[in-house]
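The structure under discussion appears below in the form of structure tokens.
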Amino acid sequence: MKNVADQLAIIREHVVDLLPEEDLVRKLERSVATGTPLRIKLGLDPSRPDIHLGHAVVLRKLRQFQDLGHTVVLIIGDFTAMIGDPTGKSKTRPALTLEETRANGATYVEQASRILDRERTEVVYNSQWLDALSFKDVVALAGKYTVAQLLERDDFTKRYRSGEPISVHEFLYPLSQAYDSVAVRSDVELGGTDQKFNLLVGREIMRQYAMEPQCILTMPILEGTDGIEKMSKSLDNYIGLTDSAKDMFGKTMSIPDTLITRYLQYACFAAPSDVQRVADGLSDGSLHPRAAKVDLAQRIVALYHGQEAAADAFAEFERIFVKKDQPDHIPDWSPEPSITELTLVDAVVGAGCATSKSEARRLIQQGGVRVNGVQNKDPLSILTVADQPVVRAGKLSWFRIIPA
RNA sequence: GGGCAGGUACUCAAGUGGCCAACGAGGGCAGACUGUAAAUCUGCUAGCUUAUGCUUUCGGAGGUUCGAAUCCUUCCCUGCCCA
């Protein structure tokens, strides 16, 4: 195990808040002296089954802890997901059933394992202890925190001031997350900066339960591919851990230039010297933004699909978007066997490129559809199945019509 | 329990009896321009056998009317004030 100073240097990298640092030093000293790993907690909200690069920021930090010999405790919030974390939401989230959260939790762990060391990861479900609490226990827990303290949280304050509803159960969310820390006896809890409040409640509640409070460590919230909102599945601006190499590459290329160094730091955990070199190159003009982005995209793809896939994704990207050729693999689509010819609208809808005929018509009339590379603006033009035409609908969707 | 203000399309938000499939903004999609960028400009943004046509939509259900998002009844939901 490394000494305390070395560990601390690594732990501090890329971090926004590390509070209180003295406490962490004390915990690390004790850990080194006794050879006992620290317990590093991360709560996962399984309401959305796909993990993306935004989650990966925190997961990579966890991995660093593991590489330093510590134990990661992943808490699948199957119980808390039923409550619905109000963080950053202007509205109450829909509640899920325990079964749904369980199913999502399982895929979560599988995806997180792409980054974490499974050997040093403990996975627990918080329904284990939260479901076991009696109403008396809950009231006692609620008695340890005040409404004024809860209202300190920014989004509660905002919602309260603007007259939006806040349900009582939402107040219980930070408390149940805090109770998780008690249950797993965490030494450090990680989260995004938006979790700071919840993490701090954990400290207070642990103290109330006569435990040594956890330290808290927050990581930046990564912006999505739109460059404005935080990365999230519901905003559809995310790069998923399970996205194909091609998609990862393409999505990365579509981020605004201003995000390049940020992604380098937080999506790749690139060495500070590398980040600096790119930042300098971009600002003095010696490095073309596109070149920097290509490099970034390859790094990201390489992390999840390997070096070779990254090179392939780059080649494919060049072919499709720069040379405007067809992609390597075009999915086939077949209409009913009895159909030998059909209109362009029907083909676009049938292949799933539009959700209604009106939408398909719009797409076609606006010049978004090409048949065998030629723009076709007539929705009613006839395609012959036997010709196996290749259709491009919009920027990203391609399909080839083949006989069934 | 009482009083007041609200609930309109993905979001915000106009509309208070016909000119409303519903102003405007954001978002999204497409086109132009580019570095598949960003910014900018243009168009589109309920559905249908594309029809100056029909169908469904303005919290839910009824009603008044030739005609309702708009008026009435009732129910549901939210916020504020008083208790």
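By convention in this document, chain letters (A, B, ...) are assigned in the order of the sequence lines, proteins followed by strands, and residues within each chain are numbered from 1. Fair warning: this is a prediction, and the values are worked out from it, not measured in the lab.
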* To do: Please determine, for B/U36, whether a Watson-Crick or G-U wobble partner exists with both distances under 3.5 Å, and give it or none.
  => none

* Note: A/D257-A/R290 ion pair, threshold 4.0 Å (strictly below) -> no

* Among the nucleotides B/U78, B/A38, B/C29, which one has an atom lying closest to any side-chain atom of A/P165? -> B/U78

* Please measure how far the C1' atom in B/U78 lies from the corresponding atom in B/U8, and state the result in whole Å. => 16 Å

* **Basic-acidic side-chain contact under 4.0 Å: A/E204, A/R207** => yes

* Please state how far atom CZ in A/R161 lies from atom C1' in B/G79, giving the value in whole angstrom units. => 16 Å

* Asked: With distance as the sole criterion, is a donor-acceptor pair present between the side chains of A/E164 and A/S162 under 3.5 Å?
  -> yes

* Between A/D23 and A/K27, is the closest basic N to carboxylate O distance under 4.0 Å? -> no

* If you check every side-chain atom of A/H288, which of B/G35, B/G47, B/A38 has the closest atom? -> B/G35

* Just to confirm, is there a sub-4.0 Å distance from OP1 or OP2 of B/C29 to any side-chain nitrogen or oxygen of A/R362? -> no

* To do: Could you tell me whether A/F156 and A/Y160 have their ring centroids closer than 6.0 angstrom?
  => no

* May I have the distance from A/N237 (atom CG) to B/G27 (atom P), rounded to whole angstrom? => 13 Å

* Quick one: which of B/U36, B/G43, B/G35 gets closest to the side chain of A/K293? -> B/G35

* A/P289 near the nucleic acid: base, sugar-phosphate alone, or nothing, with a heavy-atom cut-off under 4.0 Å? -> base

* Structure fact -> A/I228 atom CD1 is separated from B/G27 atom C1', nearest whole Å, by 10 Å

* To do: For B/U64 versus B/C72, give the span between their C1' atoms, rounded off to a whole number of Å.
  => 7 Å

* Spacing between A/D226 atom CG and B/A38 atom P, to the nearest angstrom -> 10 Å

* Let me know the distance between CG of A/L259 and P of B/G35, rounded to the nearest Å. => 21 Å

* Structure fact -> Taking B/C80, B/U36, B/C29 as options, the one with an atom nearest any side-chain atom of A/R290 is B/U36

* Selection from B/G31, B/G35, B/U45 that lies nearest to any side-chain heavy atom of A/K395 -> B/G31

* To the nearest angstrom, how far is A/F249 atom CZ from B/U36 atom P? -> 11 Å

* Strand-adjacent residues in residues 347-358 of chain A, judged by heavy atoms under 4.0 Å from RNA chain B -> A/S356, A/K357, A/S358

* **Watson-Crick or G-U wobble mate for B/G1, both contacts under 3.5 Å** => B/C82

* Measure up the A/H14 and A/Y266 rings against each other and bin them: parallel (under 30°), tilted (30 to 60°), perpendicular (over 60°). => perpendicular

* Asked: Of the candidate nucleotides B/U36, B/A30, B/G47, which contains the atom at the shortest distance from the side chain of A/M253?
  -> B/U36

* To do: Determine the interatomic distance between P on B/C58 and the same-named atom on B/C23; round to the nearest Å.
  => 16 Å

* To do: Write down the distance between CD1 (A/I364) and P (B/U45), rounded to a whole number of angstrom.
  => 15 Å

* **Span that lies between the C1' atom of B/U70 and that of B/C20, in whole angstrom** => 11 Å

* Distance in angstrom units between A/L287 CG and B/G35 P, rounded -> 16 Å

* Is the closest basic N to carboxylate O distance between A/R159 and A/E170 below 4.0 Å? -> yes

* To do: Pick the C1' atom in B/A22 and in B/G18, then give their distance to the nearest Å.
  => 13 Å

* NA contact type, A/G394, heavy-atom cut-off 4.0 Å: base, sugar-phosphate, or nothing? -> sugar-phosphate

* Asked: Is the closest basic N to carboxylate O distance between A/R26 and A/E29 below 4.0 Å?
  -> no

* Asked: Under 6.0 Å between the ring centres of A/F171 and A/Y145?
  -> no

* Contact class for A/G367 (heavy atom, under 4.0 Å): base, sugar-phosphate, or nothing? -> sugar-phosphate

* Would you kindly check if the NZ (Lys) or CZ (Arg) of A/R102 is within the cone defined by 45 degrees around the ring axis of A/Y125 and under 6.0 Å from the six-membered ring centre? => yes

* Euclidean distance for P, B/U55 against B/C19 (whole angstrom) -> 15 Å

* Asked: Just checking A/I255: base, sugar-phosphate only, or nothing, at a heavy-atom cut-off of under 4.0 Å?
  -> sugar-phosphate

* Nearest-angstrom distance, C1' atom, B/U57 to B/C10 -> 15 Å

* Do A/Q366 and B/G31 have a side chain to base donor-acceptor pair shorter than 3.5 Å? -> no

* **Gap in Å between the two C1' atoms, one belonging to B/U74 and one to B/C82, rounded** => 26 Å

* Is any side-chain N or O of A/D257 under 3.5 Å from a base N or O of B/G35, one able to act as donor and the other as acceptor? -> yes

